[in-house]
Amino acid sequence: DTEVTQTPKHLVMGMTNKKSLKCEQHMGHRAMYWYKQKAKKPPELMFVYSYEKLSINESVPSRFSPECPNSSLLNLHLHALQPEDSALYLCASSQDKLADYEQYFGPGTRLTVT
Amino acid sequence: RKEVEQDPGPFNVPEGATVAFNCTYSNSASQSFFWYRQDGRKEPRLLWAVYSGGSEDGRFTAQLNRASQYISLLIRDSKLSDSATYLCVVSFTGGGNKLTFGTGTQLKVEL
């Protein structure tokens with residue numbers, strides 16, 4: 001079962017709000033990822049967690065704060081976002097962070113910042 | 001030069017046609033190669049992991065040419081349900097499974 005789940009599916013938030021996106025996988029994968037995708041563009045990597053430790057931060061602004069509470073869960077905490085942060089936020093997981101392993105994506109959270 | 005290059009399309013083809021997607025990559029240390037498809041506003045779904053040479057599965061054939069740094073995906077007897085954006089994706093040794101995406105090629109299969 002190659003399933004990654006994400007909640008919520010849609011989120012509308014104001015620029016002063018604090019919200020969190022959640023991602024869960026039960027495939028025993030040890031690497032998890034956050035991507036941001038704007039319309040008609042490919043996904044852009046934001047963060048990589050490997051064995052619950054932050055491995056890669058692609059110079060993402062501090063208004064995005066990732067958290068990996070355990071090997072199955074990945075959160076993305078949002079605070080003081082800008083309208084240009086509106087996008088599809090995708091979570092993915094892979095068996096390990098080595099290059100050979102396929103990444104499986106969740107359905108995404110469509111975020112609108114007003 | 002972009003790290004992963006694809007023709008953005010769109011490719012508009014009639015049902016039953018054969019269509020080929022080509023992709024070139026610039027990093028010779030690239031190690032793993034994937035094709036994902038993305039339907040509209042949905043998430044990318046893994047279609048194929050291409051490890052060496054070529055492989056075939058039903059209507060689909062994927063090829064990897066490391067010497068030319070080139071990957072391809074061939075779809076035969078295309079169906080309406082094949083309409084999607086096809087993303088060429090590459091990861092390389094030392095990149096920590098950091099995927100590099102092409103811009104994607106949009107395919108529209110028409111009656």
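Every chain is numbered from 1, with letters handed out A, B, ... down the list of sequences.
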J.: Shared ILVMFWY cluster between W34(A) and V60(A), side chains joined below 4.5 angstrom?
T.: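 Result: yes, single cluster for both.
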
J.: Is E58(A) in contact with chain B via its backbone, its side chain, both, or neither, using a 4.5 Å heavy-atom distance?
T.: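 For E58(A), side-chain heavy atoms alone lie under 4.5 Å from chain B.
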
J.: Looking at every heavy atom in both Y101(A) and F34(B), which two are closest together, and how far apart are they?
T.: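 Heavy atoms only, the tightest pair is O-CZ, 4.1 Å.
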
J.: Any link between F21(B) and L46(B) through a network of hydrophobic side chains (Ile, Leu, Val, Met, Phe, Trp, Tyr) touching at under 4.5 Å?
T.: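 No, F21(B) does not connect to L46(B) through the hydrophobic network.
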
J.: Which value, rounded to the nearest 0.5 Å, describes the distance between T103(B) atom OG1 and K40(A) atom NZ?
T.: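 Nearest 0.5 Å value for the OG1-NZ distance: 12.5 Å.
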
J.: Q37(A) versus chain B, heavy atoms under 4.5 Å apart: side chain, backbone, both or neither?
T.: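 Looking at Q37(A), just its side chain touches chain B.
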
J.: With clusters defined by side-chain heavy atoms of hydrophobic residues (ILVMFWY) lying less than 4.5 Å apart, directly or transitively, does L45(A) cluster with L90(A)?
T.: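 Yes, it is one cluster - the side chains of L90(A) and L45(A) are joined through contacts under 4.5 Å.
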
J.: Heavy-atom cut-off 4.5 Å, strictly under: side chain, backbone, both or neither for F33(B) against chain A?
T.: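 Contact with chain A involves no heavy atom of F33(B) at all.
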
J.: What heavy-atom pair brings P42(A) and F101(B) nearest, and what distance separates the two atoms?
T.: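 It is CB-CB, 3.6 Å.
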
J.: Please check: side-chain N/O of R45(B) versus main-chain N/O of Y104(A), any donor-acceptor pairing under 3.5 Å?
T.: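 Checking the backbone N and O of Y104(A) against the side chain of R45(B), no donor-acceptor pair under 3.5 Å is found.
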
J.: What pair of heavy atoms forms the shortest contact from L99(B) to Q103(A), and how long is it?
T.: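 Heavy atoms of L99(B) and Q103(A) come nearest at CG-NE2, 3.3 Å.
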
J.: Hey, quick one: are V109(B) and F11(B) part of the same hydrophobic cluster, counting side-chain heavy atoms closer than 4.5 Å, chains of contacts allowed?
T.: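 Yes; tracing contacts between hydrophobic side chains, which count when under 4.5 Å, links both residues.
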
J.: Is it the case that more than 12 heavy atoms not belonging to K38(A) sit under 6.0 Å from its NZ atom?
T.: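 Atom NZ in K38(A) is packed in, count exceeds 12.
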
J.: Looking only at non-hydrogen atoms, find the nearest pair between R41(B) and L88(A) and report the distance.
T.: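 Where R41(B) meets L88(A) most closely, the heavy atoms are O-CD2, 4.0 Å.
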
J.: For residues 41-80 of chain A, pull every pair meeting ring-ring contact (aromatic ring centres under 6.0 Å, His included), keeping only residues two or more places apart or in separate chains.
T.: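 Pairs touching residues 41-80 of chain A that pass the test: F64(A)-Y89(A).
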
J.: I'd like to know if L87(B) and M46(A) are part of one continuous hydrophobic network [Ile/Leu/Val/Met/Phe/Trp/Tyr, side-chain heavy atoms within less than 4.5 Å].
T.: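 No; L87(B) is not reachable from M46(A) via cluster members.
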
J.: Heavy atoms only: give me the nearest F105(A)-P44(B) pair and the separation to one decimal.
T.: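 Closest pair (atom of F105(A), atom of P44(B), distance): CB-O, 3.5 Å.
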
J.: Could you list the residues that satisfy side-chain contact (heavy atoms from CB on, under 4.5 Å) with S68(B), not counting sequence neighbours?
T.: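 Partners of S68(B) by the side-chain contact (heavy atoms from CB on, under 4.5 Å) criterion, ordered by chain and then number, come out as N65(B), Y70(B).
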
J.: Side chain, backbone, both or neither: which part of Q106(B) has an atom under 4.5 Å from a heavy atom of chain A?
T.: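 It is neither, since no heavy atom gets under 4.5 Å.
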
J.: State, to 0.1 Å, how close E43(B) and P107(A) come at their nearest heavy-atom pair, and which atoms those are.
T.: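 Heavy atoms only, the tightest pair is OE1-CA, 3.4 Å.
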
